[in-house]
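One structure is given here, and the rest of the page talks about it.
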Amino acid sequence: MAENLPKLQASRAAYRAHLTQTIKKVTNIATKEDPLMDSDITSLKRIVDQLARKRSILEELDEKIVGMIEDPKELEKEIFQTEASKKKLTRQQLR
């Protein structure tokens, strides 16, 4: 096995944190009081692309992690945590 479970979980945590920070950047740009400038729109497009890539990577990591867990109770816990994180990120994106 090339990658172990703790390493994948740490990587996923880092991607989640980065995704949260990126969503906050989008929110700050989109909700500023001044009209959006061309540079703001360009930044938003770039960030949205980045969000899509990061979310895809997170989904891949989630699948790998779930595939490595053998204990049914740990698997159930992992699935619930993953779904809770997805909901949280979705709520942040909808703001």
Side-chain angles (χ1 to χ4, degrees):
M1 196 175 317
E3 296 179 286
N4 61 28
L5 185 58
K7 182 178 177 182
L8 288 173
Q9 289 171 324
S11 180
R12 180 181 62 185
Y15 274 102
R16 282 181 181 164
H18 186 264
L19 196 58
T20 298
Q21 291 173 346
T22 305
I23 290 169
K24 287 179 183 177
K25 285 181 191 175
V26 169
T27 303
N28 289 340
I29 294 171
T31 59
K32 70 181 196 175
E33 292 182 23
D34 299 331
L36 292 178
M37 306 295 287
D38 287 342
S39 61
D40 294 327
I41 294 169
T42 301
S43 292
L44 285 171
K45 287 179 183 178
R46 182 182 46 78
I47 293 170
V48 167
D49 289 342
Q50 187 178 37
L51 284 171
R53 285 191 307 275
K54 298 291 181 194
R55 191 162 212 153
S56 176
I57 291 169
L58 269 176
E59 289 172 2
E60 290 174 21
L61 287 169
D62 287 340
E63 288 176 18
K64 286 181 182 179
I65 290 168
V66 166
M68 296 176 79
I69 297 175
E70 295 177 7
D71 178 21
K73 289 191 184 284
E74 286 298 315
L75 181 60
E76 181 180 9
K77 180 181 170 185
E78 178 64 34
I79 290 170
F80 280 121
Q81 288 177 345
T82 298
E83 289 303 314
S85 292
K86 285 180 183 179
K87 286 180 184 178
K88 179 182 174 186
L89 289 171
T90 301
R91 278 194 309 269
Q92 287 178 329
Q93 281 182 301
L94 294 176
R95 287 186 195 171

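Just so you know, these numbers use all the heavy atoms, side chains as well, and skip hydrogens, waters and symmetry mates. All values reported here derive from a predicted model rather than from experimental measurement.
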Main-chain N/O of Ile23 paired with Thr27 side-chain donor or acceptor, under 3.5 Å: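 Between the backbone of Ile23 and the side chain of Thr27 there is a qualifying donor-acceptor contact (under 3.5 Å).
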Roughly how far, to the nearest 0.5 Å, is [atom2] of [Y] from [atom1] of [X]?
| X | Y | atom1 | atom2 | answer |
| --- | --- | --- | --- | --- |
| Leu44 | Ile29 | CG | CD1 | 5.0 Å |
| Leu61 | Lys64 | CG | NZ | 6.5 Å |
| Gln50 | Thr22 | CD | OG1 | 4.5 Å |
| Glu83 | Ile79 | CD | CD1 | 8.0 Å |
| Tyr15 | Arg53 | OH | CZ | 10.5 Å |

field: Single-linkage hydrophobic cluster Met37~Ile47, side-chain heavy atoms < 4.5 angstrom
entry: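 No; tracing contacts between hydrophobic side chains, which count when under 4.5 Å, never links both residues.
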query: Any link between Val26 and Leu36 through a network of hydrophobic side chains (Ile, Leu, Val, Met, Phe, Trp, Tyr) touching at under 4.5 Å?
result: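 Yes, it is one cluster - the side chains of Val26 and Leu36 are joined through contacts under 4.5 Å.
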task: Any side-chain hydrogen bond (donor to acceptor under 3.5 Å, both in side chains) involving residues 34-48? Give me the pairs, sequence neighbours left out, ordered by first then second residue.
output: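 Output for this query lists Lys32-Asp40.
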query: Got a sec, which residues hit side-chain hydrogen bond (donor to acceptor under 3.5 Å, both in side chains) with Lys77, two or more places apart in sequence or on another chain?
result: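 Scan of Lys77 (side-chain hydrogen bond (donor to acceptor under 3.5 Å, both in side chains), adjacent residues dropped) gives none.
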Pairs touching residues 65-74 that satisfy salt bridge (Lys or Arg N to Asp or Glu O under 4.0 Å), sequence neighbours left out: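 Counting only pairs at least two positions apart or across chains, no salt bridge (Lys or Arg N to Asp or Glu O under 4.0 Å) contact touches residues 65-74.
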- request: Check side-chain contact (heavy atoms from CB on, under 4.5 Å) between Thr82 and all other residues, then give those that pass, not counting sequence neighbours.
  value: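 Only Arg12, Arg16, Asp62, Glu78, Lys86 meet the side-chain contact (heavy atoms from CB on, under 4.5 Å) criterion with Thr82.
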